[in-house]
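Worksheet: one structure, shown below.
Chain letters run A, B, ... following the sequence lines, proteins first and then strands; every chain starts at 1.
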Amino acid sequence: MFKAELSNPNILKTSFEAISAIVDEIQFQTDSEGLRLDALDRGHITFLHLDLKASLFDEYICDEPEKINIDTDEFMKVLKRSKSDDRVLLSLDEGNLIITFEGQAKRTFKIRLIDMEYEPATPPAIEYPTEFSIPFDLFKNSINDIDIYSDKVSLSVDSEKFKAFATGEFGEVNIEFIHGESVKEEASSVFSLEKISEMLKADKFSDNVTLSIGNDMPLTLSLKMISEEGELRFLLAPRIEN
Amino acid sequence: KEKQSSLDAFF
């Protein structure tokens with residue numbers, strides 16, 4: 001039996017704004033610890049991991065592990081119909097994920113479970129020279145600034161500053177932010193702006209974003225709830241010199 | 001001169 005209840009739909013909604021922009025299908029894996037998913041996009045450019053711990057839910061029952069395969073667009077269409085103060089219940093029957101919104105009315109939606117084309121990837125462990133946190137809004141604004149000039153961004157960090165830089169045909173933009181964190185090495189890599197923007201669609205998950213950057217290494221971008229009961233993490237392959 | 005890499009090397 002699987003049953004999970006949330007006091008509002010916002011974490012699921014904001015997570016799937018990003019997830020549905022990146023992958024077509026996902027497999028939720030549930031057990032007594034909580035609900036998680038790992039997914040890799042078709043081009044193998046972005047990997048994502050969502051972890052929602054059992055304690056995040058108002059009620060959580062999972063007496064045996066389940067694998068729930070769904071189409072992300074179909075799930076997002078349903079989540080978009082939620083109101084921000086609706087209670088959300090997730091459960092299963094033979095062949096369906098059942099999503100119930102309880103507010104002024106009780107609304108029950110069923111989404112057919114699908115066969116997955118691919119087994120979900122296991123999250124890779126990457127050793128990074130740097131890790132630091134910056135405000136989510138600052139990062140999102142930087143990406144919007146960069147968008148004036150280019151479709152790619154150079155992200156770098158040193159002991160003092162986080163920097164975002166882009167150059168284009170008509171000019172360039174340089175953003176600097178004193179991060180106030182303990183970063184001992186310098187690192188810099190270039191990333192697709194479009195791919196970063198997809199991740200930042202999860203704009204209500206966390207006030208801060210934790211970034212790990214290396215030299216020509218993937219970007220790790222992690223959104224964590226203050227309570228540490230939920231994390232949405234992405235890995236993005238860099239653009240590199242040919 | 002520059003291209004999008006993939007994550008394949010990390011799995």
Side-chain angles (χ1 to χ4, degrees), chain A residues 22-23 38-49 118-129 146 149-155 165-168 188-199 212-221 233-242, chain B:
Chain A
I22 296 167
V23 292
D38 294 305
L40 183 62
D41 77 327
R42 282 181 190 279
H44 294 195
I45 296 167
T46 307
F47 174 84
L48 61 91
H49 172 81
Y118 306 101
E119 276 297 300
T122 312
I126 300 177
E127 292 287 318
Y128 278 100
I146 296 286
Y149 295 94
S150 182
D151 57 3
K152 61 192 180 187
V153 56
S154 162
L155 299 181
F165 171 76
T167 180
S188 176
S189 294
V190 176
F191 300 98
S192 152
L193 214 60
E194 184 192 354
K195 300 289 173 191
I196 292 180
S197 300
E198 288 171 355
M199 304 176 194
S212 288
I213 296 174
N215 293 305
D216 290 336
M217 279 173 67
L219 169 72
T220 288
L221 186 158
R233 193 167 68 236
F234 302 93
L235 202 61
L236 171 62
R239 296 187 60 86
I240 52 172
E241 292 292 324
N242 212 346
Chain B
K1 59 174 172 48
E2 192 196 79
K3 63 164 188 174
Q4 176 65 55
S5 68
S6 88
L7 291 171
D8 288 343
F10 296 93
F11 287 97

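The backbone N or O of A:T46 sits less than 3.5 Å from a side-chain atom of A:D41, completing a donor-acceptor pair.
Taking both residues in full, the closest heavy atoms of B:Q4 and A:A237 are given as NE2-O, 2.9 Å, listed atom of the first, atom of the second, then distance. What you find for A:T122 and A:F47 is that their closest heavy atoms are C-CZ, 4.1 Å.
If you measure heavy-atom distances from A:I240 to chain B, the contacts under 4.5 Å come from both the backbone and the side chain. Only the side chain of A:L40 comes within contact range of chain B, with heavy atoms under 4.5 Å apart.
By number of non-hydrogen pairs under 4.5 angstrom with chain B, the leading residue of A:A125, A:G43, A:P218, A:P238 is A:P238.
Among residues 190-197 of chain A, the residues having any heavy atom closer than 4.5 Å to a heavy atom of chain B are, in sequence order, A:V190, A:S192.
Every residue two or more places apart in sequence or in another chain that forms a side-chain contact (heavy atoms from CB on, under 4.5 Å) with A:T167 is listed here: A:F165, A:E172. Annotation: side-chain contact (heavy atoms from CB on, under 4.5 Å) contacts of A:N215 (sequence neighbours excluded): A:A187, A:S188.
Residue A:E241 places its CD atom among more than 12 non-hydrogen atoms of other residues, nucleotides or ligands, all under 6.0 Å distant.
Sorted by first and then second residue, the pairs that involve residues 2-11 of chain B and meet salt bridge (charged side-chain N to carboxylate O under 4.0 Å, His left out), not counting sequence neighbours, are A:K152-B:E2, A:R239-B:E2.
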